[in-house]
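The structure appears right after this line, and notes come after that.
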Amino acid sequence: MLLRMSTLFVRTLRDDPADAELAGHKALVRAGYIRRAGSGLYSWLPLGHLVYRNVEAIIREEMDAMGAQQVHFPALLPKGPYEASGRWEEYGDTLFRLQDRRGEDHLLAPTHEEMFTLLVKDLYSSYKDLPLSIYQIQIKYRDEARPRAGLLRAREFAMKDSYSFDVDDAGLEASYQRHRDAYIATFQRLGLDFVIVSAMSGAMGGSGSEEFLCPTPSGEDTFVRSPGGYAANVEAVRTPAPDPLPYDDVPAAHVEDTPGTPTIDTLVDFANRQLPRDDRPWSAADTLKNLIVMLVHPDGTREPLVVGVPGDRDVDEKRLAAQVEPARVEPFTDTDFDAYPVLARGYVGPQVLGADTDSGIRYLVDPRVAEGTRWVTGANQPDKHVFDLVCGRDFQPDGTIEAAEVRDGDPAPDGSGPLEIARGIEIGHIFQLGRKYAEALGLKVLDEHGKLVTVTMGSYGIGVSRAVAAIAETTVDELGLSWPRHVAPADVHLVVAGRDESIVSAGDTLAADLDRAGLSVLIDDRDERPGVKFADAELLGMPTIVVVGKKLTDGVIEVRDRASGDRDEIAYEAAVEELVRRCRG
RNA sequence: CGGGGUGUGGCGCAGCUUGGUUAGCGCACCUGCUUUGGGAGCAGGGGGCCGCCGGUUCGAAUCCGGCCACCCCGACCA
């Protein structure tokens with residue numbers, strides 16, 4: 001392929017667009033790859049579309065290689081299937097809804113689980129037909145509450161979504177594993193750095209759901225990783241539980257007057273003034289903070305829950321929510337306090353908590369609250385706290401819960417070192433769906449005993465347009481874009497630096513020769529000054545920049561590597577062979 | 001949905017406080033001359049419902065009211 005700057009539909013901008021924040025997003029607009037068409041809506045210009053197609057092709061090749069087959073569904077769908085699965089209601093405002101001229105409800109699909117499930121149901125009815133993996137690359141729509149970061153969170157975006165269908169759990173596990181391997185190969189070819197993190201909560205466990213995150217400070221997903229290679233979603237981080245401590249020497253628990261200390265700060269402050277320790281000052285870490293929430297279960301029943309965490313840590317609402325799923329967490333209201341007089345607001349202590357106590361209120365603690373640990377905590381009456389309260393001796397929690405915030409420097413659960421909190425872009429998600437959709441939509445097959453069994457499914461997604469943005473974001477530098485070889489719009493950006501007939505014709509000839517040799521070439525044949533062409537070449541980001549200019553009189557042209565900045569000279573006569581070697585070798 | 005901000009030519013912005021010539025600057029675009037290895041210079045030129053609607057006024061980009069759009073932070077989320 002041979003592209004000419006003189007006729008290419010592109011206009012580079014000197015200034016950053018005012019509505020972009022991320023470096024990659026700015027560069028994509030400035031280099032003329034994309035244009036904003038509306039909030040969360042982007043148009044692709046020729047160069048951007050070339051990158052998009054390259055990314056798409058790599059994803060397709062890897063999916064085909066693992067045996068998945070491509071299909072294509074409409075983006076515009078009738079309401080029916082989504083009503084059957086319950087998602088017409090569940091999806092809420094994020095679903096783009098519209099009506100046709102007869103007033104029938106339709107939607108712009110945010111994902112296609114229902115359609116895949118129904119299509120398989122239409123055609124297959126035997127275990128002999130399975131396993132099956134099918135996929136599509138399709139435009140998806142989500143009416144995001146707040147589109148942002150350019151292509152990263154758009155309202156219209158391209159996604160590869162695939163689904164596996166198996167008769168049993170072992171089959172699902174195998175299909176999942178093959179997708180996992182295919183994703184690893186795909187992201188490696190795309191030139192995207194990634195980590196795989198468990199996306200399920202600790203309570204659910206297992207390898208049921210993993211996310212592929214591309215680490216970058218501009219990512220919007222938070223995860224943790226350790227020097228030893230541990231990586232996990234914040235929701236999934238498990239806290240190593242300390243060994244039980246001996247407590248024979250710990251004095252008996254004693255209640256102290258602590259007037260006006262309803263918060264950890266006021267308590268620590270008071271203790272240090274009125275009840276100082278001999279060895280060191282009291283700190284928040286000596287206290288046990290008990291947070292009361294109201295759980296609302298799917299059947300509507302409400303259950304109070306008290307979560308105990310070391311006083312120097314807050315409860316992470318997202319971690320808590322992940323742990324109690326499918327129940328919902330609601331704040332504990334004044335009315336609730338009235339209904340449970342045993343709970344003294346601001347002075348709640350574990351002595352009256354637990355399923356086996358009179359209150360019957362479930363009490364779960366952070367794993368750091370291990371047997372033998374001693375605490376300062378509420379005495380269940382206003383203005384009083386209890387000291388030297390020992391876990392396992394003076395109170396018995398109903399279990400542990402991963403709800404405390406995770407901090408930089410916390411130990412990794414597998415002993416691989418301190419955790420670092422990092423950000424990443426979610427570029428892929430693989431998920432053992434199970435039988436949710438198959439059950440809702442009645443996808444069953446006959447097994448080898450002639451019995452009807454519900455099919456188990458996996459769902460696997462890669463954001464195609466998001467991958468383009470992630471590549472741009474992680475490879476951009478102060479000069480502009482810098483594409484990995486396999487996704488670049490062209491292999492070589494050939495700068496014709498000079499107006500002499502000899503230079504111009506040498507450039508033209510070289511471009512044609514490279515094209516014939518199988519390289520894709522973008523030649524800058526415009527009547528522009530060299531400085532403009534150099535700057536544009538760097539902004540546009542082809543991996544190899546070739547300069548045909550004044551050194552041609554010595555029979556030499558210049559070759560630059562965009563990513564490293566390395567430049568050297570090669571003989572014009574040997575240029576085709578040498579460049580093919582560099583670009584393809 | 002809460003908080004903050006911005007709408008002026010294709011892009012980036014000034015002008016608005018204190019209403020008053022023909023709405024201005026840089027980039028980009030067109031013409032001519034010079035220039036040609038790091039975003040050239042000079043001269044000339046084209047392109048604007050100043051987000052929309054209404055109000056105040058002799059007069060509104062500017063003041064007032066309403067609406068809309070977009071961006072950022074948060075909540076939410078592939």
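By convention in this document, chain letters (A, B, ...) are assigned in the order of the sequence lines, proteins followed by strands, and residues within each chain are numbered from 1.
The A/Asp536 side chain lies nearest to B/G39 when the options are B/G39, B/C71, B/A78. Comparing B/C11, B/A28, B/A40 by their nearest atom to the side chain of A/Arg529 picks out B/A40. The nucleotide whose nearest atom lies closest to any side-chain atom of A/Arg155 is, among B/A78, B/C70, B/G39, B/C70. Listed nucleotides: B/G38, B/C29, B/G37. Nearest to the side chain of A/Arg567: B/G38. Distance from the side chain of A/Phe534 is smallest to B/G38 among B/C29, B/G38, B/A78. Nearest nucleotide to the A/Ala497 side chain, out of B/C70, B/G74, B/G37: B/G37. Proximity note for A/Ala535 (side chain, C-beta onward) versus B/G38, B/G74, B/G37: the nearest is B/G38. Comparing B/A78, B/C71, B/A75 against the side chain of A/Glu144 picks out B/A78 as the nearest. Comparing B/G37, B/G10, B/C76 by their nearest atom to the side chain of A/Pro530 picks out B/G37. Closest approach to the A/Thr12 side chain among B/C76, B/C71, B/G39 is made by B/G39 (side chain taken as heavy atoms from C-beta onward).
Across all strands shown, B/U21 forms no Watson-Crick or G-U wobble pair with both key distances under 3.5 Å. Pairing for B/C63 is with B/G55, a Watson-Crick or G-U wobble pair whose two hydrogen-bonding atom distances lie under 3.5 Å. Using the Watson-Crick or G-U wobble rule with both distances under 3.5 Å, B/G44 pairs with B/C30. Summarising the base pairing, B/U6 is matched to B/A69 through a Watson-Crick or G-U wobble pair whose two defining distances lie under 3.5 Å. Pairing for B/C16 is absent, with no Watson-Crick or G-U wobble pair whose two atom distances lie under 3.5 Å. As the counterpart of B/A75, no nucleotide is assigned, since no Watson-Crick or G-U wobble pattern has both distances under 3.5 Å.
If you check every strand for non-hydrogen atoms under 4.0 Å, A/Ala18 touches sugar and phosphate atoms only. Among the protein residues, A/Arg30 comes within range of the nucleic acid bases, having at least one heavy atom under 4.0 Å from a base atom. Residue-level contact check: A/Glu21 touches the backbone only, with heavy atoms under 4.0 Å from sugar-phosphate atoms and none from bases. Using a 4.0 Å heavy-atom distance criterion, A/Arg526 is classed as making no nucleic acid contact. Within 4.0 Å (heavy atoms only), A/Gly549 reaches at least one base atom of the nucleic acid. Residue contacts shown for A/Glu426 are limited to sugar-phosphate atoms, with no base heavy atom under 4.0 Å away. Contacts of A/Leu41 with the nucleic acid, taken as non-hydrogen atoms under 4.0 Å apart, are absent. Contacts of A/Val547 with the nucleic acid, taken as non-hydrogen atoms under 4.0 Å apart, include base atoms. Residue-level contact check: A/Arg146 touches the bases, meaning some heavy atom is under 4.0 Å from a base atom. Nucleic acid contact class of A/Ser39 (heavy atoms, under 4.0 Å, all strands): sugar-phosphate only. Using a 4.0 Å heavy-atom distance criterion, A/Ala149 is classed as a sugar-phosphate-only contact.
With hydrogens and angles ignored, no donor-acceptor pair under 3.5 angstrom links the side chain of A/Glu528 to the base of B/G38. Side-chain atoms of A/Arg560 and base atoms of B/G38 include a donor and an acceptor less than 3.5 Å apart. Residue-to-nucleotide contacts include no donor-acceptor pair under 3.5 Å from the side chain of A/Glu538 to the base of B/G39.
Mapped onto RNA chain B by nearest heavy atom, A/Asp221 and A/Lys551 fall at different nucleotides, with A/Lys551 at the one closer to the 5' end. Remark on RNA chain B: of its neighbouring residues A/Thr111 and A/Pro17, the 5'-side contact belongs to A/Pro17, judged by nearest-heavy-atom nucleotide.
In this structure, the ring of A/Tyr33 has its center no less than 6.0 angstrom from the ring center of A/Tyr52. Between A/His112 and A/Tyr135, the distance separating the two ring centers is not shorter than 6.0 angstrom.
A/Arg14 has a side-chain polar atom (N or O) that falls below the 4.0 Å cut-off from OP1 or OP2 of B/A28.
Residues A/Ile425 and A/Thr216 are in side-chain contact: their nearest non-hydrogen atoms beyond the backbone lie under 4.5 Å apart.
Note: NE2 (A/His493) to P (B/G37) measures 17 Å, nearest angstrom. The nearest whole Å value for the distance from the CG atom in A/Asp15 to the C1' atom in B/C13 is 9 Å. As rounded to whole Å, 14 Å separates atom P of B/U35 from atom CG of A/Asp500. Between the CZ atom of A/Arg35 and the P atom of B/G10 there is a distance of 11 Å, given to the nearest Å. Rounded to whole angstrom, the span from the CG atom of A/Leu539 across to the P atom of B/C11 amounts to 17 Å. With rounding to whole Å, A/Ile427 atom CD1 is found 16 Å from B/A78 atom P. Distance NZ (A/Lys140) to P (B/A78): 13 Å, rounded to an integer number of Å.
Residues A/Lys160 and A/Ser162 bring a donor and an acceptor atom of their side chains to less than 3.5 Å of each other. For the residue pair A/Tyr163 / A/Asp161, a side-chain donor-acceptor distance below 3.5 Å is found, with atom types taken as modelled. Between the side chains of A/Asp143 and A/Thr94, no donor-acceptor pair is found at a separation under 3.5 Å. Side chains of A/Ser164 and A/His179: no donor on one and acceptor on the other come within 3.5 Å.
Of the possible polar contacts, one joining the A/Arg155 side chain to the A/Ser39 backbone as a donor-acceptor pair under 3.5 Å is found.
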